[in-house]
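The next block holds one structure in the form of C-alpha cells; read it before the comments.
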Amino acid sequence: MKQETVKAQMIETTYREAAKEAIRDAIKRDERVFLMGEDVGRYGGCYAVSKGLLAEFGPEKIRDTPLSESGFTGAGIGAAMAGMRPIVEVMTVNFSLLALDQILNTAATVRHMSGNQFGVPVVIRMATGAGRQLAAQHSHSLEGWYAHIPGIKVLAPATLEDARGMLWTALEDPDPVLIFENVMLYNMSGTLAADAGPVDIDKAAVRRPGHDISLITYGGSLWKTLEAATSLAAEGIDAEVIDLRSLRPLDDATIMASVAKTRRAVIVDEGWRSGSLAAEIGMRIVEQAFWELDAPIGRVCSEEVPIPYPRHLENASIPQAPKIVAAAKAVLGRA
Amino acid sequence: MKQETVKAQMIETTYREAAKEAIRDAIKRDERVFLMGEDVGRYGGCYAVSKGLLAEFGPEKIRDTPLSESGFTGAGIGAAMAGMRPIVEVMTVNFSLLALDQILNTAATVRHMSGNQFGVPVVIRMATGAGRQLAAQHSHSLEGWYAHIPGIKVLAPATLEDARGMLWTALEDPDPVLIFENVMLYNMSGTLAADAGPVDIDKAAVRRPGHDISLITYGGSLWKTLEAATSLAAEGIDAEVIDLRSLRPLDDATIMASVAKTRRAVIVDEGWRSGSLAAEIGMRIVEQAFWELDAPIGRVCSEEVPIPYPRHLENASIPQAPKIVAAAKAVLGRA
Amino acid sequence: MTVPADKPHLSREHMLALLKQMIRIRRFEEKCAELYTREKIRGFLHLYDGEEAVAVGVIPVLDQRDHIVATYREHGHALVRGVPMTAVMAEMYGKQEGCSRGRGGSMHLFDAATNFHGGNAIVGGGLPLAVGLALAEHMRGGDAVTACFFGEGAVAEGEFHESMNLAALWQLPVLFVCENNLYAMGTALALSESETDIERKAACYRIASEAVDGMDVVAIEAAARRAVHAVRESRKPYFLECRTYRLRAHSMFDAQLYRDKAEVEAWRHKEPIIRFQTWLESNHIIHADDVSRIQAEVDAEITEAVAFAEAGTWEPVGELTRFTYAESAPPPAR
Amino acid sequence: MTVPADKPHLSREHMLALLKQMIRIRRFEEKCAELYTREKIRGFLHLYDGEEAVAVGVIPVLDQRDHIVATYREHGHALVRGVPMTAVMAEMYGKQEGCSRGRGGSMHLFDAATNFHGGNAIVGGGLPLAVGLALAEHMRGGDAVTACFFGEGAVAEGEFHESMNLAALWQLPVLFVCENNLYAMGTALALSESETDIERKAACYRIASEAVDGMDVVAIEAAARRAVHAVRESRKPYFLECRTYRLRAHSMFDAQLYRDKAEVEAWRHKEPIIRFQTWLESNHIIHADDVSRIQAEVDAEITEAVAFAEAGTWEPVGELTRFTYAESAPPPAR
Ligand SMILES: Cc1ncc(C[n+]2csc(CCOP(=O)(O)OP(=O)(O)O)c2C)c(N)n1
Ligand SMILES: Cc1ncc(C[n+]2csc(CCOP(=O)(O)OP(=O)(O)O)c2C)c(N)n1
Ligand SMILES: [Mg+2]
Ligand SMILES: [Mg+2]
C-alpha cells in the first residue's frame with residue numbers, strides 16, 4: 001500500500017513544546033478541558049510549558065491560581081467530579097505535599113468509597129527531579145511514592161512522543177492520573193512526527209533491546225541509562241533498557257519478559273533508595289521470576305540525603321551513568 | 001548476686017497506659033518536654049492516651065491545638081529547633097498528610113541543609129492502621145511511606161515494653177522521630193515490669209526464634225504474625241518472627257542473620273502492597289542475602305484498595321493470620 | 001421563634017414538613033445509636049442531635065440541580081436531601097444495598113441521584129471540593145449552587161482559608177454553611193480560634209454573610225432563602241453561620257470531659273424540635289395528633305429502613321477491589 | 001521621607017548606617033547577578049532589588065537574642081543580621097566555608113550564631129516554624145521576639161492562616177513581616193487575594209497591625225520599633241505590612257511577561273536607596289563623599305567576599321550524607 005511507504009513528516013521540537021502542544025490539543029479537542037495552577041497564565045508557566053496559551057485560550061481556560069496547593073488541587077478534583085476535565089499543574093512535586101490530603105484522601109478514594117457513583121477524571125501534572133541545583137526543598141523525586149496509592153495512576157513521560165501523547169489518554173481516563181515531568185527533560189530536543197498524538201499509557205517500552213541484563217527505569221533516568229547501556233556495549237555487555245512509562249499500574253509482563261530473557265536486572269530510579277520504586281520492582285521480580293534470576297538484582301537510586309546545592313554533591317546524590325554501569329557490571333560479576 | 005535472683009515486680013497494664021506512662025515520665029524528667037495536639041487535653045486524647053495528664057500537668061504542658069495539622073506540627077518543629085522537646089500528637093496518620101510538607105521539607109531537611117547548625121529534636125506520635133471499621137479516610141498505614149524520608153527516624157512499638165520505652169529514647173534523639181501506634185493495640189493488656197523504662201530503638205527483636213522461615217513484621221501485624229507462627233508450628237513449621245521496631249533505619253543485621261539461618265522469608269506489613277515497606281525489606285534481602293535464599297520471598301500486605309467499612313471487607317483488606325500461614329507455606333513449597 | 005412577615009412558604013403543610021424532617025432525623029439517629037450498641041453499626045457514628053434545624057432549614061431550599069458537600073456528621077443532610085432512609089440505613093450496616101454500596105458507612109454517604117457528594121471524614125476536606133464543583137458550574141455557565149456544610153472546627157484548617165479565598169476571588173457559587181456547635185470534639189471554640197465570631201471570617205475574604213440562630217428552623221430557612229438567592233443571582237459565594245449545639249457526645253467514644261452537664265442541659269432547653277413543636281402548638285398551627293401522626297409515620301419508615309438493612313446483603317469479598325478504578329478501560333490511543 | 005519627631009536614633013551615624021546597609025545589599029546582589037551569568041552561582045537566585053528598606057528597617061531593631069525566619073529572597077536579611085558577607089558569598093558558591101556549609105545555596109542561608117533560622121524555599125513554610133520558635137520562648141518565659149518575613153503570595157497559603165491563628169490564640173511573640181511587593185512570581189496581588197488590603201488580614205485574627213511604606217527606610221524603622229516594642233511588651237503577635245516592589249525579575253528565569261515596563265519604571269523612581277540618599281543630601285545630613293566612601297567600603301567588602309568564596313573549598317563527596325542525622329548517637333537506653 002502506498003501509505004506504508006510514506007514516512008510521517010517529522011518536526012524538530014523539544015519536550016517542553018511537546019508538552020505544550022499536548023495541552024493545546026486537549027483544550028481544542030474537548031471543551032471540558034482547562035489548565036489551572038500557579039503562574040500557568042501571565043507568567044507563562046514556571047518551566048514555560050504553558051507560555052503563550054493564555055493569549056490563545058484566555059484566563060478561564062488557562063487559570064492562574066493563588067499559592068494554595070491544597071485549595072486549587074482540591075478544586076480541580078471537585079471540578080472533575082462535576083464532569084470537567086481539569087489539568088491541574090502543581091509547579092513541582094515538592095509543593096504537592098501541601099495538596100497530598102486532597103489527592104490521597106479524596107481523589108484516590110472517591111470512586112471506591114462511593115460505590116462507583118462518582119469518579120475523579122482529573123489530570124495532575126508536576127515537575128519532578130533534581131539536576132538544577134535547587135537544593136533540599138526543590139529537588140525531590142516522589143513519583144515512586146505516589147505510585148503507592150491505589151485509586152490513582154502515575155505516568156512518567158521520558159520521550160517527546162510521550163510528553164506529547166500521554167496527556168490526552170490521561171484525560172480520557174475516568175480516574176485521577178498524575179503526570180510527572182522530569183525537570184531535566186524540558187530542554188531536550190529531537191524530532192517528532194508532525195501528526196504525533198495520543199499514545200497508550202499501559203505498556204512499558206523496550207527502548208533498547210539486549211540480552212545480557214535488563215536495565216529498568218523511567219523518566220529523566222532513561223537517558224542516563226541509555227548512556228550507560230552504550231558504555232556497557234563498548235565493553236561487550238548487551239543491555240536491554242526498559243522505560244516503564246507508567247509507574248502505577250506497572251507493566252509486569254514487559255518487565256518479566258525481559259528478565260526471563262536476560263536473567264539479570266538493575267533498576268534505576270531517582271527516588272531515595274529506601275522505599276524506592278526500585279524496591280517494588282525488585283520485589284516483583286523476586287515474586288514472579290525468582291527462579292529465572294542468575295544473580296541478585298541491583299538498584300541505582302538517590303542517596304539518602306536531602307539533595308544539596310553544589311553541583312558535585314548534587315551529581316553524587318542522584319543516579320548517573322557511571323554508577324549504572326558499575327551496578328550492571330557488579331550484577332554480571334564483572335565489577 | 002542477690003539482684004539477679006530478684007524478679008522485677010510486674011504490673012498489669014495496657015498499651016494505652018504504657019504510652020501514657022511514657023509521656024508522664026518524659027514530662028517529669030525533662031522540663032523541655034510537652035505534649036501538643038488536637039484534643040490531647042480536655043478531651044483526653046482521641047484514643048484516651050493522654051487522659052488525666054491535663055489535670056496533672058496543666059494546659060501549657062498538655063496543649064490542646066486547633067484543627068491545624070500543618071500549623072501545629074510546624075510549631076512543634078520550630079519549638080524543637082529552639083531547644084524544646086515537643087511531643088506532637090497527630091491524631092492519626094490519615095491527617096498527617098496535611099502536615100507532611102512541614103515534616104518532609106522542614107524537619108527532615110534542616111540539619112543537613114543548614115550544615116549541622118540546627119537540629120529538630122521533635123517527636124511526632126500518630127495512630128495508624130485499620131481494624132476499627134473507620135473506612136477509606138481513616139484506615140491508612142503509611143508508616144512505611146514515612147520510612148522513605150531521609151532525615152527522620154520511624155518507630156513502631158508493638159509491645160507494652162516498647163510503648164512504654166521508646167518515647168524517652170526518641171526524645172533524647174537529636175533528630176525528628178515519628179512514632180506510629182497501631183490503633184488495634186491500645187486495648188492490648190499484659191504485664192510490664194513496674195520499673196520499665198526507656199528501651200533502645202536501634203535493634204529489631206526476634207520475638208519468636210525458629211529455623212524454617214523468617215516472618216518479618218512490626219506494629220499491629222506482629223500479633224497476627226505470632227498467631228500465624230503458632231499455627232505453622234502445629235503443622236511442624238518452625239517460624240522465626242522478627243519485630244522490626246524501627247522502620248527507619250532498618251536493622252539489616254538482624255534481618256540478614258535470620259534469613260541466613262532460615263533461608264526463607266515472608267514479610268508482613270499493613271501498608272498497601274505496591275511500594276510497601278515489605279518491598280524494601282525484600283529488596284534488601286535480595287541485595288544482601290540472595291545466595292542464601294532457598295525460595296522466593298513472600299509478602300503479605302494490604303490489598304490495593306481504599307479500606308472499606310464493612311467488617312468482612314476490612315478484614316479481607318489487611319493482613320490476617322491465615323494469609324500469613326498461606327504465604328509461609330507457599331514459600332516453603334507446602335501450599 | 002422568628003417568623004419573618006415575608007415568608008411565602010409558611011403554610012401549615014410546610015411547617016409540618018419542617019417538623020417532620022427534624023423528627024425523622026432525630027428518631028433515625030436514636031435508632032442508629034441503639035443499633036450501634038447492638039453492634040449492627042460500627043466504626044465512628046456522629047450524631048446530629050440538637051443540630052437538625054440546620055440541615056432541615058437549608059437543604060429543602062436548594063434545587064434538585066444544586067450540589068451538596070457534607071461532613072462525617074451527615075445523616076441528617078442525606079435524609080433531608082432525599083436519599084432514601086432504606087439506603088442510608090443499609091449503608092450504616094455496611095450492606096451493599098447502602099447508598100455507597102456499604103463501603104462508606106456512616107461517614108461516607110454518597111448519592112449521585114441527588115448530587116450528594118459525600119460524607120467527608122477529613123475535617124475541612126470537603127471545602128476545596130465544593131469550590132471545584134462550583135468552578136465547574138461557573139465554567140459551564142450553569143446556575144446551580146454548591147452548598148458546603150462544615151463545623152466551626154474546620155475553620156482553623158488551612159483548607160478553609162484557601163477555599164474561601166478561591167471562591168471569593170473567582171466569584172464562584174458556593175454557599176458555605178458553618179455549623180457552629182461550639183465544639184470540635186473536645187475543643188471549645190475559644191480554644192480553637194483567636195476570633196470566635198465565626199461570621200466575621202467571611203468579611204476577611206469579602207464574602208457576604210449572615211449568622212443565624214441554629215436552633216430556629218424557621219429563621220434558618222429564611223436565612224437560607226436569602227443566601228441561596230444571593231448565590232444564585234450574584235454567582236458569588238455566601239457564608240451562613242448557624243449557631244447551634246451538639247447535645248450528645250462527639251461520637252460514640254466520648255466521655256464529654258470537656259463540658260459541664262449544666263451547659264448541655266441549658267442548651268437542651270433550646271433544642272430545635274421541642275421548641276418548634278411547642279411554638280406550633282401554642283399558636284394552634286398544629287395539634288397533638290399531628291405530632292403523633294408524624295411520629296408514627298417516621299417510626300414506620302425507620303422500621304422499614306431497619307428491615308431493609310437487615311435483609312441487605314454483604315458485598316462478596318471477591319468484589320473488594322472493584323471500582324478502585326473505573327471498569328471501562330480508557331479508550332485506546334487516538 | 002517620614003521622620004517622626006520622637007526618633008531617638010536619628011543621628012547622622014545612624015542614617016549613614018541605614019544607607020550603607022541598603023547599598024551593601026544592593027551591590028552584593030548586583031555582584032551575585034553577575035556571578036550568576038558567569039555560572040559561579042547556580043540554582044535559583046531571587047534578588048531583593050527595590051525591597052532593601054524592609055530588611056534594613058526591621059532587622060537592626062531586633063535584639064541579638066531574637067530569632068529570624070526568612071524566605072528564599074533572604075540575602076539582605078542575612079547580611080543585615082550580621083552573617084558575614086564572606087560566609088554568605090561562599091554559600092552562594094556552594095563552598096563549604098559558606099554559612100550553611102555550601103549545601104543550601106542562595107535559598108537556604110542559615111546562621112546559628114545570629115539566630116538566623118533560614119532561608120525557606122517553600123512559600124509559607126517558615127510561618128509555622130516561627131510560631132514554634134515563639135512558642136518555645138513563651139514556654140521558657142524569655143522575652144525574645146521571632147521575626148518572620150514572607151511575601152504577600154504566602155498569604156494565600158493555608159499555613160498563613162493556621163500560623164496567624166495559632167500565634168494570636170496562644171499569644172505568642174511573633175512579628176509577622178509581610179513584604180508585599182505586589183507579585184508572587186507572575187501573579188499580581190489582585191489575582192491572588194479576594195481582599196487585597198493585606199494589613200486587614202491581621203484583624204481577622206485579632207492581631208495588632210500596621211502598614212508602612214516599604215520604600216521608606218525611616219518609616220519602616222519607626223514602624224518596626226513600635227512593632228517590636230509591642231511584641232516584646234505584650235508577648236502577643238504583631239503584623240507589619242511593608243508595601244514595596246520588586247524591581248527585577250522574580251528569579252533569574254523570568255521574562256516578566258506579567259507586568260508593564262512602565263509600571264516597573266514608575267516604581268524605580270520610588271526605590272529606597274536613591275530616595276533616602278537624596279533626602280539625606282538635600283537636608284545636608286550627608287555629602288557626596290559620604291556616599292562614595294560607603295561605596296568604596298562596600299566594594300572592598302564584596303571584593304573580599306568574592307575572594308573568600310573563590311578560595312573556598314568544595315565539601316568532599318565523601319561527606320555527602322554527613323549530618324543527614326546528628327553524629328552523636330543518642331545515648332543508650334536509661
Ligand atoms: C484533618 C482532620 N483532623 C482531625 C480529625 C479528627 N476529628 C474528626 S471530627 C473532629 C472535630 C471537628 O469539629 P467541627 O469541625 O467543629 O465539626 P463537628 O464535629 O463539631 O460537627 C476532629 C478533630 C479529622 N477527621 N480530620
Ligand atoms: C509551596 C510553594 N509553592 C510554590 C512555590 C514556587 N514559588 C517560589 S516563590 C513564589 C512566589 C512567592 O511570592 P511571594 O510570597 O509574594 O514572595 P516574593 O517572591 O514576591 O518575595 C512561588 C510561586 C514554592 N516555592 N513553594
Ligand atoms: Mg463543631
Ligand atoms: Mg510577592
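These numbers were taken from a predicted model, which means no experiment stands behind them. Here is the naming used below: chain letters follow the sequence lines, and residue numbers restart at 1 for every chain.
Annotation: side chain of B:Phe72 is not in contact with side chain of D:Val131 (no heavy-atom distance under 4.5 Å). Between D:Leu135 and B:Met36 the shortest side-chain heavy-atom distance falls below 4.5 Å.
Heavy atoms of D:Arg140 lying under 4.5 Å from chain B belong exclusively to its side chain. With a threshold of 4.5 angstrom between heavy atoms, D:Phe116 approaches chain B through N, CA, C or O but not through any side-chain atom. The parts of D:Asp111 that come within reach of chain B are both its backbone and its side chain, each placing non-hydrogen atoms under 4.5 angstrom from that chain. Residue contact with chain D, scored on non-hydrogen atoms closer than 4.5 Å, involves the side chain of B:Thr106 exclusively. For chain B, no part of D:Leu172 is nearby; none of its heavy atoms comes within less than 4.5 Å.
Considering OG1 of D:Thr324 and CD1 of B:Ile152, their distance stands at 12.5 Å, rounded to 0.5 Å. Between D:Asn120 atom CG and B:Thr109 atom OG1 the span is 7.5 Å, to the nearest 0.5 Å. Interatomic distance, B:Ser68 OG to D:His161 NE2, rounded to the nearest 0.5 Å: 6.5 Å. Taking NZ of B:Lys61 as the reference point, atom CE of D:Met139 lies at 5.5 Å (rounded to 0.5 Å). To the nearest 0.5 Å, the span separating CZ on D:Arg101 from CE on B:Met113 amounts to 15.5 Å.
For the set B:Gly83, B:Ser114, B:Gly119, the entry with the most heavy-atom pairs within less than 4.5 Å of chain D is B:Ser114.
Contact between D:Leu169 and B:Pro66 at its shortest, heavy atoms only, is CD2-CG, 3.5 Å. When every heavy atom of B:Asp175 is checked against every heavy atom of D:Ala326, the shortest pair comes out as OD2-N, 2.7 Å. Scanning all heavy atoms of the two residues, the minimum distance from D:Phe110 to B:Gln117 falls at O-NE2, 3.3 Å. Here the shortest heavy-atom pairing between B:Gly71 and D:Leu166 reads C-CD1, 3.5 Å.
For B:Glu31, the CD atom sits in a loose shell: 12 or fewer heavy atoms of surrounding residues, nucleotides or ligands are nearer than 6.0 Å.
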